[in-house]
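Treat the numbers as computed from the prediction; the structure is a model and nothing was measured. Residue numbers begin at 1 in each chain, while the letters A, B, ... track the order of the sequences.
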Amino acid sequence: MNNFKNLRGTVDLLPDQLIKWQNVEKIIIEQLIRSSVKEIRTPILEMTELFMRGIGEGTDVVSKEMYTFLDKGERSCALRPEGTASVARALIQNGISTKPFQKLWYMGPMFRYERPQAGRQRQFHQLGVEFVGYKSVRSDIEIITLAWDILEKLGIKELNLEINTLGNNVDRSNFQKAFVKWLEVNKNFLDLDSQKRINKNPLRILDTKNVQTKKVLDDAPRLFDFLSTESLERYLIIKEKLKLLKIPFIENKNLVRGLDYYTHTAFEITSGSLGSQATVCGGGRYDNLISQMGGTETPAIGFAIGLERIILLSGKELEESRDTDIYIVNKGIHAEILAMELSRKLRNYDLIVELDLSGTSFSKQFKKANKLKSKSIIVIGDDEALKNEFVIRLFNNEYSKNKEETISIKDNIKLEKWVQSNLLLDKNL
RNA sequence: GCGGGCGUCGCCAAGUGGUUAAGGCAGCGGCUUGUGGCGCCGCUAUUCGGGGGUUCGAAUCCCCUCGCUCGCCCCA
């Protein structure tokens, strides 16, 4: 076979699977609208530089997972690996980064060059939410709550929320200095990966999975001890409020998250039933990003939810689609045009109408209608067409009991009555 | 980038050295040109991911390669 194949780590989403996607997207968007969050769309393609500066050159995402290439003008471009940097760029560029209180969301494909596995692809989809211009503690709580509520609305089970604080700039750099010093002294006790990170991305070492290194780190200086009273206060309030709101969480002092731009609150939501790629949602505060990227000092907080993982976790009830309401069986030159007119008329009601375009035998068309589980059927042959009428009847399991009704093509009132009482009745409830 | 598993029709698969590669589902055609659930009949892989080798003979053995998949790392 030398047919074309999709690239590794990408997938085709076929009609049957998309029913679930559409339902998931619908639930998410409805919840966002109700929470007064507005959509923003930025390009999938950006200058590579944007992510290097925004996310951080030392991060894994930038240093080894970016899809980059030179375009015809020799510019280095990248397929976005995440959304926050793009949103920040867009706000600065359009002169609205300082506009207070912007709640934004986006949903779309992201790209990371990694080995694919369950719940992980090279092209994957994220929902991102960013609250820009918010610095109050309540905005942290609001955004965590929003993430939590969306996941619950989607019916996802076994959710675990982990939170931590990374402090402000000063806290972090004080800690980092002390930490790096300590790391250098104890370098030989660390695993190789961690050793490499000492200069590139020391905070990341806290998040190591290496058991040996974890043990060694027990004696290292702790970020927590470097927190200013202001930072500490903030963190305490968040925990307190989450308890009041009855959102269960656990503290994870080693949660630092992969991207450089986080400050203060960092959080992650995992689901036990997902296996090794357990993270469903990750987020945190990033008060420095916008200023670092050339905007004025603007606090912000956000999160991202991985849609593929959500799809894996959400239940079968989201896979149900609407059946065809009316299948129009038609054959013959006079009948065909009449059938087309009729299908257009019927689609003005909220009905799914399938017009048979095959022109094959009636019995074939009936079989097709049956296979589609159409709720009702209209038959127009030339016999009917010449008399300007058609036949309609219900088309379900009790087929023998369903009486046909003949309706004149001009008799809209009779048609509407039939449709109302047979197809739309339960739908309107 | 590093490990493990797997690759026979659109899907699920049997076959593990002998001359025709089971079967099921789906699809198509017919029994039944204008009325559907069932049933019956027929059709649908010169070929077993690709290449090379061993052999009189390979889907079956060996080598290489590609792909998929799961895990590590990291993340959504």
Protein-nucleotide distance (Lys5(A), atom NZ; G50(B), atom P), rounded to Å
13 Å

What does Glu268(A) touch in the nucleic acid at a heavy-atom separation under 4.0 angstrom: a base, only the sugar-phosphate, or nothing?
nothing

Taking atom C1' of A76(B) as reference, at what distance in whole Å does atom CG of Leu312(A) sit?
12 Å

Decide if atom NZ of Lys187(A) counts as having more than 12 heavy atoms of other residues, nucleotides or ligands within a radius under 6.0 Å.
no

Counting only heavy atoms not in Lys26(A), do more than 12 fall under 6.0 Å of its NZ?
no

When the distance from CD of Glu130(A) to P of A76(B) is rounded to whole Å, what number comes out?
12 Å

Please give, in whole Å, the distance from A76(B) P to Glu162(A) CD?
13 Å

Looking only at atom C1', what distance separates C68(B) and U8(B), rounded to whole Å?
15 Å

Partner nucleotide, any strand, of U35(B) [Watson-Crick/G-U, under 3.5 Å]:
none

Using a 4.0 Å heavy-atom cut-off across all strands, classify Glu114(A) as base, sugar-phosphate, or nothing.
base

Taking any heavy-atom pair under 4.0 Å as a contact, classify Arg115(A): base, sugar-phosphate, or nothing.
base

Can you tell me how far C1' in U19(B) sits from the matching atom in U47(B), rounded to whole Å?
15 Å

Separation of C74(B) atom P from Arg122(A) atom CZ, nearest Å, is 18 Å

Say you pick atom C1' in G29(B) and the same atom in U20(B); how far apart are they, in whole Å?
24 Å

Could you let me know what G29(B) is paired to, Watson-Crick or G-U wobble, both distances under 3.5 Å, or none if it's on its own?
C41(B)

Val11(A) vs Leu307(A), nearer the 5' end of RNA chain B by closest nucleotide:
Val11(A)

Distance check, P atoms only: A21(B) and G49(B), in whole angstrom units.
15 Å

Pair of N/O donor and acceptor under 3.5 Å linking C66(B) base with Arg8(A) side chain
no

For Val256(A), does its backbone N or O pair with a side-chain atom of Arg204(A) as donor and acceptor, under 3.5 Å?
no

Side-chain N or O of Gln117(A) less than 4.0 angstrom from OP1 or OP2 on C70(B)?
no

Nearest nucleotide by nearest heavy atom, which residue falls closer to the 5' end of RNA chain B, Ile269(A) or Tyr113(A)?
Tyr113(A)

On a whole-Å scale, what distance lies between the P atoms belonging to C75(B) and A13(B)?
36 Å

With side chain to side chain contact (heavy atoms under 4.5 Å, CB included) as the test, pick out the partner of Val132(A) among Leu289(A), Ile40(A), Leu91(A).
Leu91(A)

Rounded to whole angstroms, how far apart are CZ on Arg309(A) and P on C75(B)?
11 Å

Could you check whether the rings of Phe131(A) and Tyr134(A) sit parallel, tilted or perpendicular, using 30° and 60° as the cut-offs?
tilted

Residue matched to G7(B) through Watson-Crick or wobble contacts both under 3.5 angstrom:
C66(B)

Is the base of C74(B) touched by the side chain of Arg257(A) through a donor-acceptor pair closer than 3.5 angstrom?
no

Considering only atom P, compute the distance from G42(B) to C25(B) and round it to an integer number of Å.
14 Å

What string of B, S and - do you get for nucleotides 28-35 of chain B, 5' to 3', if B is base contact, S is sugar-phosphate-only contact and - is no contact with any protein heavy atom under 4.0 Å?
-SS--SBB

Integer angstrom distance from the P of A22(B) to that of A14(B)
15 Å

Determine the interatomic distance between P on G1(B) and the same-named atom on U44(B); round to the nearest Å.
44 Å

Atom pair distance, as rounded to whole Å: CE in Met66(A) and C1' in C74(B):
15 Å

Taking atom types as modelled, find out whether Asp191(A) and Ser194(A) have a side-chain donor-acceptor pair closer than 3.5 angstrom.
yes

Give a yes or no on this: more than 12 heavy atoms of other residues, nucleotides or ligands lie within 6.0 Å of atom CD1 of Ile250(A).
yes

Distance in angstrom units between Ile205(A) CD1 and C74(B) P, rounded:
11 Å

Within 45° of the six-membered ring axis of Tyr113(A) and under 6.0 Å from that ring's centre, is NZ or CZ of Arg122(A) located there?
yes

Base partner of C48(B), which must satisfy Watson-Crick or wobble distances under 3.5 Å:
none

Within the 6.0 Å centroid threshold, strictly below: Tyr327(A) and Phe395(A)
no

For C2(B), which nucleotide in any strand shown is its Watson-Crick or wobble partner with both distances under 3.5 Å?
G71(B)

